[in-house]
Amino acid sequence: MTDYSLSPWVRALSSSIKRFGEFKTAAFCYGLLLSVSLILSSMFYYVAIGELHIVDILAVMFFAAVVSPLIINVLLNSIRQLDASYAYLDSATKQEKLLNQTLKDNINRLNIEIDERKMAFHAKHRAIEELRREIAERKKTQQELAQQGMLLRSIVDSSPDLFYYRDNNGVFAGCNKMFEEVMGKSSSEIIGKSAEKIFPTHFLSQVLTTDEQVEQTHKPITIDVGYEVEGEKRWFELRKLPFINDRGEYIGLLGFGRDITSRKEAAQALETAYKDKGKFIATLSHELRTPLNGIVGLTRMLLDTELNKQQRSWCNTVFSSAETLGNIFNDIIDLDKIDRDQLDIATDSINVSDFINDVVNFAGLIAEQKELEFNIERNGKLDVYALLDPTRLRQVVWNLINNAVKFTQQGKVTLECSRENHEERPWLVIKISDTGQGIPQEQLARIFDMYYKAPDLKGTNAIGSGIGLAVTKALVSAMKGTITVNSTEGEGSCFTVQIPLSLCVAPTEQSYVGRGLYILLVEDVPLNAEIATNLLEQRGHEVLWAETGEDALSFVETEDDLDLVLLDMQLPDINGDVVAKHIRSDSHFDNLPIVALTANVRSAEEELEGISIQGALAKPINTVKLDKMLADLFDIKQAKCTEPQLKVSEEALKEINAHLLDVETIEDFVNSMGLDVFKRSSQLFEKLNPQYQQEMLTSLNSNDREEYKSVAHKLKGSAGSVGLNDVQLHAKIMEYGAIEESDEVLKGWLDVLADKINEGQQALHLFLQQLE
């Protein structure tokens, strides 16, 4: 850049002008010029001439005085112009510098903008490429989803299981081909429609009830559903699941159904086979027990006569063989009950020591046949009363003793009974050991299997049915006990049975006066039997329960000490009037009182006309009438109860739907048998009623109207026993209409029954809470 700076003297003069002003500066310069002129002229004249001439000096001074103002003026103007030029040049320089800087800044910004535009351009290209790739991937994903959707739809449509989806308003949003086939409608006719427009009226109630259950509980349910498809009844195992969003809200229902028609038909066929088998076994047992009881009775009579040693041995053999055969019959009957899961344990207060003595008498007889020594060992205090099932426990011990004798050729059989304490409770421990052939170690694991028979000493299967030990183990398990075996081949075996002992008071210590009776209760409904048994045991009586007419006849013929028969009129195999006729056909039982149990006393009296009976009790049993009957027949008076009678106030009844209940019956039973005992009975009803409902549904689907009627009868009796009056009345309608009404009506009654049972049980629970 060009340097525009001035000479020092010009800068000094310009600075003086700015500092002192033009006049003072001009005066100073004027004086300075005059002084310089004087000095120079003096020096000139002195040097040149050698002397000073005043005139010449004055002339020079005059000339300088005249010329100096012009020179000073010219000089000041020049300096002024130079100074202005300098200022202009300086301003221009600054403006140039500023302009250059501005240009540089603009250039820099332009360069930056260009760079940014280049970067944006590249970013745009990259974004376009990314977008192209994303679009390509989306297209690919959409194609894959479409293919997967088509595949999934193909799988769903080709599935033999039906599928449908309904939204939270109950409107169908999707289904597969199988569902279309079952409904007999296309998907276009189903989707967008509510359940009311798709399902038939008689089927709609069950659909809506289960849908509501899934929506309220948010839990899946599985039900068996029968539906008519193209005129054919088909069964489906339908699973309904709630469809929940990520916020836990119910937004729809998924339904999956598998065709189980063949399985259902097989189950129904199996159930029919079970019933037929049960009836056959009951008939066979009765037909075989009748002559067998004659053998046992006559043999007992012979043993009471004068016999020689050989004759007595023969009679003992006949007697023990008949008893063994009777035990086999018991095993067969129990095997059938095990198959149907109906093996029941009826406990009673028995003296453990007396029970063991009874077993010893039998064991001695069968051991004597093979000239074996029989030993009995007792340990611990056994002269106590405990709640045991003497029939089942006797059957267990007899089976084991029979086996011990059968597999022992010489030596002895030992029965060891002891009372031990395990886990802070008493146990009855029974060990049956022998000195027989023993059991090989490899056979011990299978010795309790059904139909398994261990080889004998010759390597062939042992004689017998192979069910004795299996039934024995089932009986022990039902009594909450355990059975184990130890054996050494060639030395003998030892079976150990452990049964928990629930100690109790002797029957004579009950709160009712009079002698205890031995009563045969013939009742096919377990709940009715339990309540009747509780009422009788509370009065100090021993109860033997028979579930069928055949069993009742067998007990009558084999039990010598029966005092009374309480006979239900409607039984699953033979009616009560047939049982009564059979009993009265034997003069030996002329003095055995028979009292009918029936829901209709007048009808029962008509059925039993001409048959000697001693009375009839209406069901559910009224305790006052029961006590009056016992008093009339046996002169047994009920002890006066000093406990306050439990009763629910009228105000409380208004709040618990008491109109659904038979309040009088409930209060009667509770005050007679106790609140806890009645609660257990009501809990048994809760356990049994789903089974009854399923049995009625099964019988309806298999068009077995008689079975439907029979189960409705059982349900009617059970409901009446726990005071569910509304349920009892509805079950009565179902029983009487079972034969004549249509399937739709019977199915509708089942749906109503479920609601009535739920309402009745809720009212019963509230009622019992008022009594606590």
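If you take CG on N486 and OG1 on T496, they are separated by 6.5 Å, rounding to the nearest 0.5 Å. With values rounded to the nearest 0.5 angstrom, E523 atom CD is found 10.5 Å from Q570 atom CD. Within the model, atoms NZ of K473 and OG1 of T482 stand 10.0 Å from one another, a figure rounded to the nearest 0.5 Å. In this structure, L544 CG and E542 CD are separated by 8.0 Å, a value rounded to the nearest 0.5 Å. Note: H541 NE2 to L535 CG = 10.5 Å, rounded to the nearest 0.5 Å. In this structure, the separation between CE on M479 and CG on L387 is 13.5 Å, given to the nearest 0.5 Å.
Side-chain contact check for T548 and D551: at least one donor-acceptor pair (N or O, by modelled atom type) lies under 3.5 Å. Donor-acceptor pairing under 3.5 Å is lacking for the side chains of K412 and T435.
Checked against R419 for a side chain to side chain contact (heavy atoms under 4.5 Å, CB included), the options L428, N379, V384 give a single hit: V384.
S710 contributes no side-chain N or O that, together with a main-chain N or O of E706, makes up a donor-acceptor pair within less than 3.5 Å. Looking only at distances, no side-chain donor or acceptor of N575 sits under 3.5 Å from a matching main-chain atom of V578. Distance alone, capped at 3.5 Å, is enough to place a donor-acceptor pair between the Q311 side chain and the N308 backbone. Of the possible polar contacts, one joining the S699 side chain to the M696 backbone as a donor-acceptor pair under 3.5 Å is found.
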key: Steps toward side chain to side chain contact (heavy atoms under 4.5 Å, CB included) verdict (V485, L444)   = CA-CA 8 Å; V485 58; L444 287 178; 4.0 Å; yes
ask   = Taking it one step at a time, do L241 and R239 satisfy side chain to side chain contact (heavy atoms under 4.5 Å, CB included)?
value = CA-CA 7 Å; L241 301 94; R239 183 166 177 81; 3.9 Å; yes
Candidate pair T210 and K240, rule side-chain hydrogen bond (donor to acceptor under 3.5 Å, both in side chains), full reasoning = CA-CA 8 Å; T210 52; K240 294 187 175 183; 2.7 Å; yes
task = Go through the steps to decide whether I483 and T472 satisfy the test side chain to side chain contact (heavy atoms under 4.5 Å, CB included), and finish with yes or no.
result = CA-CA 9 Å; I483 181 170; T472 297; 3.9 Å; yes
Derivation and outcome, side chain to side chain contact (heavy atoms under 4.5 Å, CB included), residues V396 and V497 = CA-CA 9 Å; V396 167; V497 177; 4.2 Å; yes
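Checked for salt-bridge contact, K264 and E237 miss the test: no charged N lies under 4.0 Å from a carboxylate O.
Between N528 and L597, every side-chain heavy-atom pair lies at or beyond the 4.5 Å cut-off. Annotation: side chain of D434 is not in contact with side chain of T414 (no heavy-atom distance under 4.5 Å). Side-chain contact between L520 and L566: absent, with no pair of heavy atoms (C-beta onward) separated by less than 4.5 Å. Counting heavy atoms from C-beta on, the side chains of V214 and P220 never come closer than 4.5 Å. Here the side chains of F236 and L162 are in contact, with some heavy-atom distance below 4.5 Å. With a 4.5 Å cut-off on side-chain heavy atoms, L501 and Y385 do not count as touching. S418 has its side chain out of reach of R378: every pair of non-hydrogen atoms, C-beta onward, lies at least 4.5 Å apart. Between C417 and V429 there is no side-chain heavy-atom pair separated by less than 4.5 Å.
In terms of heavy atoms, A552 sits closest to V579 at CB-CG1, 4.5 Å. Across V522 and V565, no two heavy atoms sit closer than the pair CG2-CG1, 4.2 Å. Between V711 and E695, the closest heavy-atom pair is CG2-OE1, 3.6 Å. Between P500 and L388, the closest heavy-atom pair is O-CD2, 4.2 Å. The minimum heavy-atom distance between F355 and R394, with the atom names listed, is CZ-N, 3.6 Å. Across I432 and V413, no two heavy atoms sit closer than the pair CG2-CG1, 4.4 Å.
With sequence neighbours excluded, the residues that form a side chain to side chain donor-acceptor pair (under 3.5 Å) with S487 are S493. The side chain to side chain contact (heavy atoms under 4.5 Å, CB included) check on T698 picks up Q268, Q694, with sequence neighbours excluded. Among residues two or more places apart in sequence or in another chain, the side chain to side chain contact (heavy atoms under 4.5 Å, CB included) test is passed with T261 by R234, W235, D259, E265.
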